[in-house]
Amino acid sequence: QVQLVESGGGLVQPGGSLRLSCAASGSILSISDMRWYRQAPGKERELVAAVTSGGSTNYANSVKGRFTISRDSAKNTVYLQLNSLKPEDTAVYYCNAAIRRTTVPNNIANYWGKGTLVTVSS
């Protein structure tokens, strides 16, 4: 079994910052891409940022220059630093990872966390 658990969400004022974390655990052989998605009320889930196993990153245009994704491969953890937050950043943020399990070494599957709520409001 593999689990992804997010943390770090909360209520923050516009212009504030938060740091989200997502730790993967279980029968993990390796992790390739790790991503953060978000879903605002009434909207579709969208990709926010992604980081490869080699450290290459990409971002949605709406968060470029404000959000930073990083990972600690030794800890199977991905982070998302959220700066200069805006009310439109309010959403549930989900972690996603492409994981090769020890029990199924020839297959890579996508796993999701349950999400952490970020609310930006004064």
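Residues satisfying the salt bridge (Lys or Arg N to Asp or Glu O under 4.0 Å) test with Arg66, not counting sequence neighbours, are Asp89.
With contacts defined as side-chain heavy-atom distances shorter than 4.5 Å, the pair Phe67/Gln81 does not qualify. Looking only at side-chain heavy atoms (C-beta outward), Leu11 and Ser121 come within less than 4.5 Å of each other. No side-chain heavy atom of Leu80 sits under 4.5 Å from any side-chain heavy atom of Thr68. At least one side-chain heavy atom of Tyr59 sits less than 4.5 Å from a side-chain heavy atom of Ile69. Contact annotation: the side chain of Val2 approaches that of Arg101 to within less than 4.5 Å [non-hydrogen atoms, C-beta and beyond]. Thr116 is not listed as a side-chain neighbour of Val92, based on a closest heavy-atom distance of 4.5 Å or more. Looking at heavy atoms from C-beta onward, Val104 lies out of side-chain contact with Asn106 at the 4.5 angstrom threshold. Between Thr90 and Val118 the shortest side-chain heavy-atom distance does not fall below 4.5 Å.
Distance check, rounded to the nearest 0.5 Å: CG of Asp33 to CD1 of Ile99 gives 11.5 Å. Atom CZ of Arg19 and atom OG of Ser70 lie 6.0 Å apart (nearest 0.5 Å). One finds the CG atom of Leu85 at 6.0 Å from the CG atom of Leu18 (value rounded to the nearest 0.5 Å). From Tyr94, atom OH reaches atom CH2 of Trp112 across 9.0 Å, with rounding to the nearest 0.5 Å. The distance from the SG atom of Cys22 to the CH2 atom of Trp36 is 5.0 Å, given to the nearest 0.5 Å.
Annotation for Glu46: atom CD counts as buried by contact number, over 12 foreign heavy atoms lying within 6.0 Å. Residue Gln1 places its CD atom among 12 or fewer non-hydrogen atoms of other residues, nucleotides or ligands, all under 6.0 Å distant.
The two residues Thr103 and Ser27 have their closest heavy-atom pair at OG1-OG, 4.3 Å. Nearest heavy-atom pair across Arg100 and Pro105 is NH1-O, 2.8 Å. When all heavy atoms of Ser84 and Ser17 are compared, the pair lying nearest together is N-OG, 4.4 Å.
If you chain together hydrophobic residues whose side chains sit under 4.5 Å apart, Ile31 and Ile108 never meet in one group. Both Leu4 and Val48 sit in one connected hydrophobic cluster of ILVMFWY residues. Membership requires side-chain heavy atoms under 4.5 Å apart, directly or through other members.
A side chain to side chain contact (heavy atoms under 4.5 Å, CB included) with Arg35 holds for exactly one of Val51, Leu47, Val78, Thr52; it is Leu47.
Listed for the Glu6 side chain is no donor-acceptor partner under 3.5 Å among the backbone atoms of Leu20. For Thr77 (side chain) and Lys75 (main-chain N/O), a donor-acceptor pair under 3.5 Å exists by modelled atom type.
Annotation: cation-pi geometry not satisfied between Arg71 and Tyr79 (NZ/CZ under 6.0 angstrom from ring centroid, within 45° of ring axis).
Under the 3.5 Å distance criterion, with hydrogens and angles disregarded, a donor-acceptor pair is assigned to the side chains of Arg38 and Tyr93.
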